[in-house]
Number of protein chains: 2
Amino acid sequence: MTHEVVSELNLTSLLSLSFSSSINELHERLSELGFGDIRPVHGYMLKCITLNGATGIELAEFLGITKQAVSKMVDYLEKSGYVMRDNHPTDKRGKMIILTERGWLAVRAKEKILHEIEERWIKNIGAERLQMLKEDLTKLVIEANEGKLPTTVRPVW
Amino acid sequence: MTHEVVSELNLTSLLSLSFSSSINELHERLSELGFGDIRPVHGYMLKCITLNGATGIELAEFLGITKQAVSKMVDYLEKSGYVMRDNHPTDKRGKMIILTERGWLAVRAKEKILHEIEERWIKNIGAERLQMLKEDLTKLVIEANEGKLPTTVRPVW
DNA sequence: AAGAAATAGTCAATCAAGTTGACTATAATA
DNA sequence: TATTATAGTCAACTTGATTGACTATTTCTT
């Protein structure tokens, strides 16, 4: 087994750098496609609004932020044309946040780019190593979160 | 080769989650040791202030933020007793930011905790897998940054 | 050596993304 | 039915960043 030169960086720094590399590449490419007004924070929100839409409370729980913060983000994304507020079908207090056509375009573009990034990693380190990498990271995330994947899918500092 | 169940998370999400797991654990444990006033942003700065101290400009470049932002962070860390501003030995405009005794205690505690986290990962996935994981992440970070490790060691969104 | 340009740092104002607290309207429960 | 809980918004504040303006030095160009 040959061991190539590996930097002196600790694992946490490596994770930080590789995460920010990925997220930066994603948003640079989204920007080139005309989705420059979506910032990383918004990406996580769009991801959570599925076919049926989502309520503000659901988004807040998913993102791990307050409903007030969600409300402001929705203001921004609505103004930018990515989402719309619709009446909740059964609860007159509530609102459904749904993707607009442009919102769907952005989500699909994001998925495509992430897929391409992953494909490039496969070219780079091979499918087996990528698979191992994902397995190991999954294990470690689960271990750090009392045996289950966290429900909040956003970096929480 | 057996492939265990792996979540449907994409790589970028996994990196995000594993990074925030690590950084959260680090700061929870720092907090228990009485370093609760150090937030993740500050950790990166302390790391950069080595034996000889550093100038504000050096810190700004290292962290990828403006010198004004550094100045404010130094205000905070000075007030909290982790660093001190000293005269620059040759440049009367400049100041050297140096660690106080408490600053060194925090840095050493941080290194110890990161080391322990890494040890636990070795127990969890084995030394070989951890080595591979680090090699792969290093490769990918280098590939994403025009062939070299980035000089900025902080997540940039 | 003198004058011009660059640099290190700070101050002030602003922005972005979050927070807490107060409020309205509706829904659920006792 | 009266009370309590919930969904969402508004307003004020906090934190960590930004840009722009300024001072004091240093370095570069004649």
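Everything numeric in this text was worked out from a predicted model, so none of it was measured. Sequence lines set the chain letters: A, B, ... in the order given, protein chains first and strands last, and positions in each chain run from 1.
- When distances are taken from the side chain of A:Gln68 to each of C:dA8, D:dT9, D:dA21, the shortest belongs to D:dT9.
- Proximity of B:Ser71 to the phosphate of C:dT10: a side-chain N or O atom is located under 4.0 Å from OP1 or OP2.
- A 6.0 Å sphere centred on NE2 of A:His115 holds no more than 12 heavy atoms belonging to other residues, nucleotides or ligands.
- Residue A:Asp91 has its side chain nearest to C:dA27 when only C:dA27, C:dT10, D:dG16 are considered.
- Side-chain polar atoms of B:Tyr44 and A:Ser13 form no donor-acceptor pair below 3.5 angstrom.
- Applying the 4.0 Å criterion to OP1 and OP2 of C:dA17, one finds that A:Arg39 has a side-chain N or O inside that range.
- Residue B:Tyr82 is tested with B:Ile49, B:Asp37, B:Val74, B:Leu105 for a side chain to side chain contact (heavy atoms under 4.5 Å, CB included); the sole match is B:Asp37.
- Rounded to whole Å, the distance from CD1 on B:Ile65 to C1' on D:dT18 is 11 Å.
- Atom NZ in B:Lys67 sits roughly 7 Å away from atom C1' in C:dT7 (whole-Å rounding).
- A:Arg93 contributes a side-chain N or O that forms a donor-acceptor pair with the base of D:dT6 under 3.5 Å.
- Taking only side-chain nitrogens and oxygens, A:Lys92 never comes nearer than 4.0 Å to OP1 or OP2 of D:dG8.
- Ranking C:dT19, D:dT26, D:dT18 by closeness to the B:Ala69 side chain, first place goes to D:dT18.
- Closest to the side chain of A:Val41, out of D:dT9, D:dT26, C:dA17, is C:dA17.
- Between the CD1 atom of B:Ile97 and the C1' atom of C:dG9 there is a distance of 9 Å, rounded to whole Å.
- For the pair B:Arg85 and C:dT10, the criterion of a side-chain N or O lying under 4.0 Å from OP1 or OP2 is met.
- Distance, A:Leu59 CG to D:dT9 C1': 15 Å, rounded to whole Å.
- Distance, A:Met73 CE to C:dT19 C1': 15 Å, rounded to whole Å.
- Remark: side-chain polar atoms of A:Glu143 are not paired, donor with acceptor, to backbone N or O of B:Asn124 under 3.5 angstrom.
- Spacing between atom CG of A:Asn87 and atom C1' of D:dG8 amounts to 13 Å, rounded to whole angstrom units.
- A:Lys79 places its NZ atom 8 Å from the P atom of C:dA16, with the value rounded to the nearest Å.
- The side chain of B:Lys72 lies closest to C:dA13 when the candidates are C:dG9, C:dA13, D:dT26.
- When each of C:dT20, D:dA7, D:dT25 is scored by its nearest atom to the side-chain atoms of A:Thr66, the top-ranked nucleotide is C:dT20.
- Here C:dA17 presents its C1' atom at 15 Å from OH of A:Tyr44, a figure rounded to the nearest Å.
- For A:Lys95, the side-chain atoms get nearest to D:dT9 when compared with the rest of D:dA17, D:dG16, D:dT9.
- Salt-bridge check for A:Glu116 with A:Lys112: passed, with a basic side-chain N closer than 4.0 Å to an acidic carboxylate O.
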